[in-house]
Amino acid sequence: MKEYNVAILGATGAVGTRMIDQLAKSTVPVKSLKLLASAKSAGKKLLFKGQEITVEEAVPEAFDGVDLVLASAGGSVSKKLLPEAVKRGAVCVDNTSAFRMNPEVPLVVPEVNEEALKNHKGIIANPNCSTIQMVVALAPVFRKYGLKQIIVSTYQAASGAGQSALNEFYNQTKQYLNGKNMDANILPTASDKKHYPLAFNLLPQIDVFEDDGYSHEEWKMIHETKKIMLNDMDAKDIKVTATCVRVPVPIAHGESVYFEVEDTTAIKEDIQKCIAEGASVTLEDDPSNQVYPQPINTVGNRETYVGRVRPDNENPGAFNMWVVADNLLKGAAWNTVENAECLVKNDLVRVPKDFFKE
């Protein structure tokens with residue numbers, strides 16, 4: 001079996017460390033592994049399959065001889081370094097927003113649109129974490145019954161904003177319980193003018209606001225869903241709208257998803273059966289025994305969990321469901337490594353002649 005020289009860019013971050021773990025548990029045959037991060041993290045030592053690896057500074061030359069790059073170091077770093085990696089012959093799977101809406105870059109969730117990988121030009125993008133779990137849950141329904149409309153409200157964990165936001169949330173919790181004022185320097189988003197505490201609070205803003213009043217996170221969910229399912233970020237065949245809220249949960253996003261199918265003869269049991277048979281989906285749906293997905297139970301799992309499937313009794317063909325997944329695994333690290341597995345399986349770890357040049 002062919003083996004690959006792999007690099008993880010952003011190896012010391014919350015997602016990067018999980019990529020190391022998921023890669024170790026994956027089917028990707030690793031010949032060698034480079035761990036890359038900022039200059040201040042260079043020299044740290046991390047374990048991969050029991051072997052100690054020293055973190056190196058992420059510079060263009062670090063990608064010499066690398067076949068496959070798994071990246072989660074921030075959009076600006078990806079924009080700067082991944083084209084350099086591609087020039088040197090590496091195929092890159094990027095977990096940032098840097099290339100998601102680029103028409104030259106496939107946006108891939110393997111359970112939904114694995115076939116898009118064959119069109120890559122050296123870079124594959126991971127969707128937003130909240131988009132990933134929703135489309136995994138909806139994909140089997142879309143294939144069997146069609147989709148007309150999706151309305152999603154998210155309940156997104158603190159870790160979705162990064163390790164620093166998670167640390168601040170933990171600190172705020174301690175401050176609140178000790179009767180102190182809560183420090184807030186990061187959320188709702190570090191780049192905006194005002195910051196508010198997340199502990200014991202809800203923040204109906206994730207990322208900055210667009211001119212139309214939607215947050216950029218909501219914009220991403222709308223257009224990424226269309227690109228993944230219809231291969232067109234502006235497609236009109238499925239209507240999508242979103243409200244994204246940050247909640248005081250450490251890890252694992254929850255989503256209330258309302259959807260309308262084209263086949264109005266579908267009933268609740270049809271939808272439940274369809275979802276239960278979907279790839280990487282676990283149906284936990286027994287209201288009579290209070291069985292439904294909860295973030296605290298999904299942490300550390302690769303699956304997407306679905307429950308509370310029920311019809312909209314006012315509108316035939318419309319349904320509600322509750323979707324939960326570990327945003328740092330299925331929403332980031334595992335989806336990245338899973339894409340790498342698919343690239344290996346389909347012999348796509350090679351850069352085409354018309355490679356990505358941005």
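Quick note: numbers below take in every heavy atom, side chains included, and nothing from hydrogens, waters or symmetry partners.
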Going by distance alone, is a donor N or O of one side chain under 3.5 Å from an acceptor N or O of the other, for [X] and [Y]?
X: Asp183; Y: Gln175; result: yes
X: Tyr145; Y: Thr265; result: no
X: Thr304; Y: Lys330; result: no
X: Thr154; Y: Glu255; result: no
X: Ser288; Y: Asp286; result: yes
X: Gln133; Y: His253; result: no
X: Asn128; Y: Ser97; result: no

Once rounded to the nearest 0.5 Å, what's the spacing between atom [atom1] of [X] and atom [atom2] of [Y]?
X: Thr12; Y: Lys44; atom1: OG1; atom2: NZ; result: 5.0 Å
X: Gln272; Y: Lys268; atom1: CD; atom2: NZ; result: 5.0 Å
X: Met221; Y: Glu217; atom1: CE; atom2: CD; result: 7.5 Å
X: Arg143; Y: Met229; atom1: CZ; atom2: CE; result: 8.0 Å
X: Ile238; Y: Leu147; atom1: CD1; atom2: CG; result: 5.0 Å
X: Cys274; Y: Lys144; atom1: SG; atom2: NZ; result: 6.0 Å

Looking at every heavy atom in both [X] and [Y], which two are closest together, and how far apart are they?
X: Leu117; Y: Leu343; value: CD2-CD2, 4.1 Å
X: Ile20; Y: Leu47; value: CG2-O, 3.4 Å
X: Pro250; Y: Ala157; value: O-CB, 3.4 Å
X: Pro140; Y: Gly278; value: CG-CA, 4.0 Å
X: Pro295; Y: Val249; value: CB-CG1, 4.0 Å
X: Ala332; Y: Asn126; value: O-ND2, 3.1 Å

Hey, are Glu269 and Lys273 close enough for a salt bridge, meaning a charged N less than 4.0 Å from a carboxylate O? no

Can we say Lys345 and Glu341 salt-bridge, meaning some charged N sits less than 4.0 Å from an Asp/Glu carboxylate O? no

Within the structure provided, determine whether [X] and [Y] are in side-chain contact (heavy-atom separation under 4.5 Å).
X: Met19; Y: Asn95; answer: yes
X: Asn346; Y: Glu114; answer: yes
X: Phe48; Y: Leu23; answer: yes
X: Thr282; Y: Val306; answer: no
X: Ser164; Y: Ile186; answer: yes
X: Ser130; Y: Ile132; answer: no
X: Glu115; Y: Asn113; answer: yes
X: Val69; Y: Val91; answer: no

So, [X] side chain and [Y] main chain: donor-acceptor pair closer than 3.5 Å or not?
X: Asp312; Y: Glu314; answer: yes
X: Gln149; Y: Glu260; answer: no
X: Ser72; Y: Gly16; answer: no
X: Gln205; Y: Asp207; answer: yes
X: Lys226; Y: Ala235; answer: yes
X: Lys87; Y: Leu82; answer: no
X: Trp334; Y: Gln22; answer: no
X: Arg18; Y: Gly13; answer: no
X: His223; Y: Met233; answer: yes

Within a 6.0 Å radius of atom CZ on Arg308, are there more than 12 heavy atoms belonging to other residues, nucleotides or ligands? no

Give a yes or no on this: more than 12 heavy atoms of other residues, nucleotides or ligands lie within 6.0 Å of atom NZ of Lys357. yes

Checking side-chain contact (heavy atoms from CB on, under 4.5 Å) for the pair Asn327/Ser159: CA distance, chi angles, key distance, verdict? CA-CA 8 Å; Asn327 57 294; Ser159 57; 3.0 Å; yes

Evaluate the side-chain contact (heavy atoms from CB on, under 4.5 Å) criterion for residues Phe142 and Glu262: first the C-alpha distance (whole Å), next the side-chain angles of each, then the deciding distance (0.1 Å), finally the verdict. CA-CA 9 Å; Phe142 176 46; Glu262 292 178 345; over 6 Å; no

Angle between ring planes, His216 versus Trp219, binned at 30° and 60°: parallel, tilted or perpendicular? parallel

Can you label the angle between the Phe356 ring and the Phe99 ring as parallel, tilted or perpendicular, going by 30° and 60°? perpendicular

Dump the intermediate steps for side-chain hydrogen bond (donor to acceptor under 3.5 Å, both in side chains) on Asn201 and Tyr196, then the final yes or no. CA-CA 9 Å; Asn201 198 17; Tyr196 305 112; over 6 Å; no

Kindly indicate, with the supporting measurements, whether the criterion side-chain contact (heavy atoms from CB on, under 4.5 Å) is fulfilled by Ile275 and Val309. CA-CA 10 Å; Ile275 290 171; Val309 177; 4.2 Å; yes

Taking Asn339 as the fixed residue, which of Thr336, Asn335, Val337 is the one that meets the side-chain contact (heavy atoms from CB on, under 4.5 Å) rule? Asn335

Are Tyr170 and Leu202 linked, directly or through other ILVMFWY residues, by side chains that come within less than 4.5 angstrom of each other? no

Transitively linked via ILVMFWY side-chain contacts under 4.5 Å: Met101 with Val240? yes

Going through the checks in order, is the side-chain hydrogen bond (donor to acceptor under 3.5 Å, both in side chains) test met by Asn5 and Ser32? CA-CA 5 Å; Asn5 298 317; Ser32 68; 2.7 Å; yes

With Lys121, which residues qualify under salt bridge (Lys or Arg N to Asp or Glu O under 4.0 Å), at least two apart? Glu104, Asp354

Quick one: do Lys45 and Ile53 satisfy side-chain contact (heavy atoms from CB on, under 4.5 Å)? Show the steps, please. CA-CA 5 Å; Lys45 297 182 185 299; Ile53 299 176; over 6 Å; no

Residue pair Tyr292, Tyr305: steps toward the ring pair (Phe, Tyr, Trp, His ring centres under 6.0 Å) verdict: CA-CA 8 Å; Tyr292 38 73; Tyr305 295 83; over 10 Å; no

Does Lys353 make a cation-pi contact with Phe355, if we ask for NZ or CZ under 6.0 Å from the ring centre and within 45° of the axis? no

